[in-house]
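Within every chain, numbering begins at 1; the chains are lettered A, B, ... in the order of the sequence lines, protein sequences first and strands thereafter.
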Amino acid sequence: MDFKSIEAKWQEEWEKAKINEAEPNDKDKYYLIFAYPGISGYLHVGHMRGYSYSDIITRYKRMRNFNVLFPAGFHATGIHAVAIANKIKNGDKEMIQYFKDNGLDEKTIESFKDYRNVLNYFYDVYANEYWKKFGFLIDWRRLTSTLHPGYQKFIQWQFRKLMQKNLLVQKPYYGAFCPNCGPVAVDPSETDIKKGGNAEKLEFTLLKFKFGDSYLIAATLRPETVYGQTNMWANPEVTYVKIAIGDEKWIVSKECAENLKYQGRDVKVLEEIPGKDLVGKTCLAPGIEREIPILPSYFPDPAVGSGLVTSVPSDAPYDYIALEDLKKDEELMRRFGLDPERVRAIKLIPIIKSKGYDEFPAKEIVERMGITSQHDVEKLEQATQEIYKVGFHTGIMRENCGKYAGMRVEEAKDAVKKDLIEQGKADTMYTFSEPVICRCGRNVVIKLIPNQWFIKYSDPDLTEKAKQWVPEMTIIPEEYKEQLPSILDWFDDRACVRQGSWLGTPFPFDEKWIIEPIADSTLYPAYYIVSKYENEGKIKPEEMTEEFFDYVFLGIGEPKNETWKQIKEDFDYWYPLDINLGGKEHKTVHFPVFIMNHVAILPGTKWPRGIFVNWWVMGKAGKMSKKGGAEPVTKAIEKYSVDAMRLYYSHVASPHQDIFWDENIVLKYKDALRRNYMLAESLIKLSGEKQYIDQWLLYNMNKHIEKATDAMESYDIRTASDEIFYGIARDLQWYKRRGGKHKETIAKVLSAWIKMMCPFTPHIAEEMWHTILKNGTLVSTENWPEPFEEEFDKSLDVAEKLVSDVLSDIRAIEKLVKKKPTKACIYTCAEWKAKALQKIISQETFDFSTIMKTLASDPELKQYVKQLPGFVKELGRKFIQYKAAKPINEYEILSSATDFFKNELGYDISVYKETDPNKYDPSNKSAKAMPLKPAIYLE
RNA sequence: GCAGGGGUUCCAGAGCCUGGUCAAAUGGGCAGGACUUAAGAUCCUGUGGCUUAGUGCCUACGAGGGUUCGAAUCCCUCCCCCUGCACCA
């Protein structure tokens with residue numbers, strides 16, 4: 001089967017038929033978007049998961065006779081495109097190779113020096129190489145980007161509305177900042193940065209150690225440990241600086257001085273002081289007011305804190321091991337003129353009592369973990385974290401800790417810090433927990449922005465309204481719906497503009513600020529209504545004034561022309577949005593702000609109706625990296641076929657669970673598609689009488705339609721695809737095996753089957769619709785099948801189960817007798833037994849004594865009263881399974897299946913009634929016959 | 001720390017809300033067989049243990065308790081794993 005040409009063929013047909021284009025009409029509407037992707041490079045198979053769900057859902061809704069709007073766009077704002085352009089400009093080999101690997105020629109790559117070409121290139125790749133190739137029925141006329149002029153007008157309007165509602169506030173903010181590039185995002189995906197994505201922004205306490213006319217500054221996260229200080233660590237390889245700050249003089253690392261400057265402190269560098277010059281001297285430790293020695297060590301990083309570290313070897317693994325190392329290192333001590341005796345005399349001071357630790361937690365954990373040197377950074381980090389955690393939660397200050405004795409560490413930490421600051425012995429500064437390097441190579445610092453604009457998501461009224469709205473929404477999965485109110489509560493004000501070489505919309509109240517990329521993508525489903533008109537040239541961006549958007553979105557004012565009127569009509573028809581679909585990474589940022597902005601700006605009738613969250617596709621090393629390692633989309637399409645991937649996403653697990661990409665599994669789904677195709681092909685060739693198995697098939701198909709429909713209605717893609725691709729296939733397989741061959745039944749069932757496949761695997765569904773069923777229409781425009789109208793009864797299933805049970809019973813006996821039988825005899829039970837079963841399963845509930853009474857009161861059954869109790873007990877087990885089924889004629893059913901049995905088993909089968917006086921029954925098996933469990937004799 | 005999710009049979013993964021038809025769907029793997037020149041294709045059969053002419057019993061759904069006639073499913077305690085946490089969308 002040539003998947004590739006099938007895909008191309010039907011994609012073309014769909015486009016010709018324009019079934020992707022949506023205009024208002026008199027049908028009910030359904031509007032879905034997926035959270036549009038940032039333009040950050042080629043996408044991999046992980047990204048296609050959620051997008052595929054979007055297309056499956058919208059195709060389903062379309063077949064349910066909804067008028068469906070499914071637009072898409074690009075999130076172009078931010079740093080990505082500029083970063084790529086810069087790299088090309090700088091001749092970055094890796095980046096150039098990346099494009100070469102993707103088949104681009106030198107000239108095109110060269111053109112990427114202009115970020116606009118980068119954007120245009122990826123717009124094209126995403127839309128045409130990914131989405132279109134995946135068969136998505138996106139309304140391409142609405143394609144937009146966050147950099148389209150109209151879109152920017154829209155965003156500016158949105159911010160004016162926020163301002164009018166007092167939801168924009170200005171206050172100081174400490175943000176990550178690159179001196180070259182401006183604000184950067186520090187996050188594990190390392191979009192903006194080269195290194196340090198896991199760094200946390202920490203507020204360090206700066207301890208001031210009196211040292212001559214100035215202070216040595218040591219940064220710490222554990223101010224409460226001042227009582228355990230034994231010495232100061234200076235790194236002899238680092239050059240420190242003496243700075244004038246306020247009316248004091250501090251000694252810190254250069255990086256620290258830099259940080260302080262960025263954090264709004266008035267800093268003037270006075271002179272440089274090599275670290276080795278500090279070693280051997282003493283300083284006055286704050287809090288304990290004791291002179292302590294300054295000792296050499298190599299772990300203090302000038303980029304972290306102040307580059308100087310106060311040593312608490314009892315509770316800090318780094319300090320402990322550094323001290324131990326030094327004590328052993330005669331040569332080092334000699335080099336700095338230290339007195340080895342005095343160094344060795346330094347004793348650990350017990351200060352905190354933590355659960356599971358004795359006097360010196362640091363010493364204990366270092367020994368327990370077998371850490372032998374201060375260069376074993378990984379283990380030391382782990383140890384530090386462990387001690388920090390245990391100390392914080394369970395620690396109690398010991399009696400030598402002054403007025404804090406007996407206090408819990410959790411409280412002492414803040415108390416000590418506060419007191420030291422008040423006494424002028426400490427200060428604070430923000431620092432990253434590890435060095436952060438910008439893409440440009442510079443160290444990222446934390447900068448104070450005194451007049452940062454925020455969106456006031458903490459606004460109590462807004463939060464409350466949003467929380468109230470959540471229960472009204474359809475949110476998939478349910479757990480997220482329960483989580484959302486607490487996320488909305490927790491959600492704080494969020495910086496919404498920034499300065500720097502960023503792409504984005506100018507902030508309407510101060511154009512030197514650019515609106516940051518999360519804030520400009522919260523209300524955008526509304527813009528897809530307008531974007532079509534912008535793209536068609538029917539409205540110019542200049543025309544998109546405040547008046548325009550007020551009219552279209554809020555119904556305020558009057559239309560200036562027909563187009564305005566029409567756009568408003570469109571908006572009123574399509575809005576609100578039914579589903580916003582996005583990955584789980586959006587749970588705590590995008591989705592909450594999406595809800596809150598709608599709630600803040602639009603009237604209640606336009607608030608979003610639903611959210612669908614999908615989880616990720618994982619590679620072997622965790623989340624699939626955007627930078628490589630994962631399978632790129634284009635290659636995957638070739639290898640697996642689009643439909644196989646769509647089915648894989650649908651069926652391999654619930655959408656709300658991470659899945660692990662495994663190409664063998666995807667290939668299995670490709671096999672499954674082929675198998676179903678072949679099955680349908682073989683069935684359509686059959687012809688013959690209508691039999692009871694046809695009724696059975698229709699009955700089961702009916703159930704599959706009901707189940708799959710129910711599943712789809714509740715967005716349970718996994719269950720639906722299971723019913724359709726495996727449940728139905730299994731029944732068709734059995735039908736065929738049982739000798740089913742009625743043309744009309746087959747055509748009817750296949751037609752429904754293929755329709756149901758269509759949302760999931762549209763290409764192969766179209767192909768089957770045409771080549772197997774010889775239809776001239778598009779299955780994509782058909783209606784989803786309704787359950788068949790025939791009267792069905794559960795007895796159809798009961799009967800068929802009888803046949804398959806008898807078959808597997810015969811097989812079981814075959815195994816036990818350990819020889820190939822030559823014939824089999826089946827004895828169906830006597831009439832009275834069948835009658836008794838019928839009486840039992842017609843009961844509401846299984847109650848032994850009531851049933852016995854009912855049976856015993858029957859004149860016909862009365863005579864068997866001795867056999868009844870055992871009989872009832874045995875049938876009790878089947879009660880639920882057979883409850884309410886109509887009676888079946890076992891003899892007839894089995895007799896009609898003798899050919900089937902012969903085919904399956906390879907020998908003759910005779911069916912007798914237990915009561916038949918002429919039956920062949922050499923070993924008296926017939927008496928064992930029970931309802932739905934005939935006796936069997938093998939010879 | 002704050003918030004959330006989860007531990008199911010060889011693997012993946014349903015079931016759990018609404019307790020009994022659950023030795024537990026489905027897909028894979030594996031074993032055996034069929035068809036084939038052949039197959040990664042397709043089709044059958046099997047896949048906890050013991051036992052048995054189609055049966056029955058035991059052990060099972062992280063661990064331990066509890067509720068119940070009855071628990072993978074409800075309640076409690078404990079252990080372990082995972083995820084997100086804010087100028088990345």
Does A:K902 make a cation-pi contact with A:Y907, if we ask for NZ or CZ under 6.0 Å from the ring centre and within 45° of the axis?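 A:K902 over A:Y907 ring: no.
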Check for me whether A:R738 meets the cation-pi criterion with A:F900, that is, NZ or CZ under 6.0 Å from the six-membered ring centre and within 45 degrees of the ring axis.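 Ring-cation test returns yes.
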Is [X] touching bases, backbone alone, or none of the nucleic acid, heavy atoms closer than 4.0 Å?
{"X": "A:P485", "result": "nothing"}
{"X": "A:Y36", "result": "sugar-phosphate"}
{"X": "A:H590", "result": "nothing"}
{"X": "A:E904", "result": "nothing"}
{"X": "A:L938", "result": "base"}
{"X": "A:A672", "result": "nothing"}
{"X": "A:R675", "result": "sugar-phosphate"}
{"X": "A:D662", "result": "nothing"}
{"X": "A:K668", "result": "sugar-phosphate"}

Taking atom [atom2] of [N] as reference, at what distance in whole Å does atom [atom1] of [X] sit?
{"X": "A:L905", "N": "B:G54", "atom1": "CG", "atom2": "C1'", "answer": "13 Å"}
{"X": "A:I475", "N": "B:G5", "atom1": "CD1", "atom2": "C1'", "answer": "17 Å"}
{"X": "A:D492", "N": "B:G84", "atom1": "CG", "atom2": "P", "answer": "21 Å"}
{"X": "A:Q483", "N": "B:G4", "atom1": "CD", "atom2": "P", "answer": "7 Å"}

Under a 4.0 Å heavy-atom criterion, the protein footprint on nucleotides 10-18 of chain B, written with B, S and -, is ---SS----
Any side-chain donor-acceptor pair under 3.5 Å between A:N580 and A:H586?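 Not at all, the side chains of A:N580 and A:H586 share no donor-acceptor pair under 3.5 Å.
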If pairing requires Watson-Crick or G-U wobble contacts with both distances under 3.5 Å, which nucleotide is the partner of B:C2?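 Because both required distances fall under 3.5 Å, B:C2 counts as paired with B:G84.
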So if I take every side-chain heavy atom of A:R730 and compare against B:A89, B:G27, B:U45, which nucleotide ends up nearest?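 For A:R730, the side-chain atoms sit closest to B:G27.
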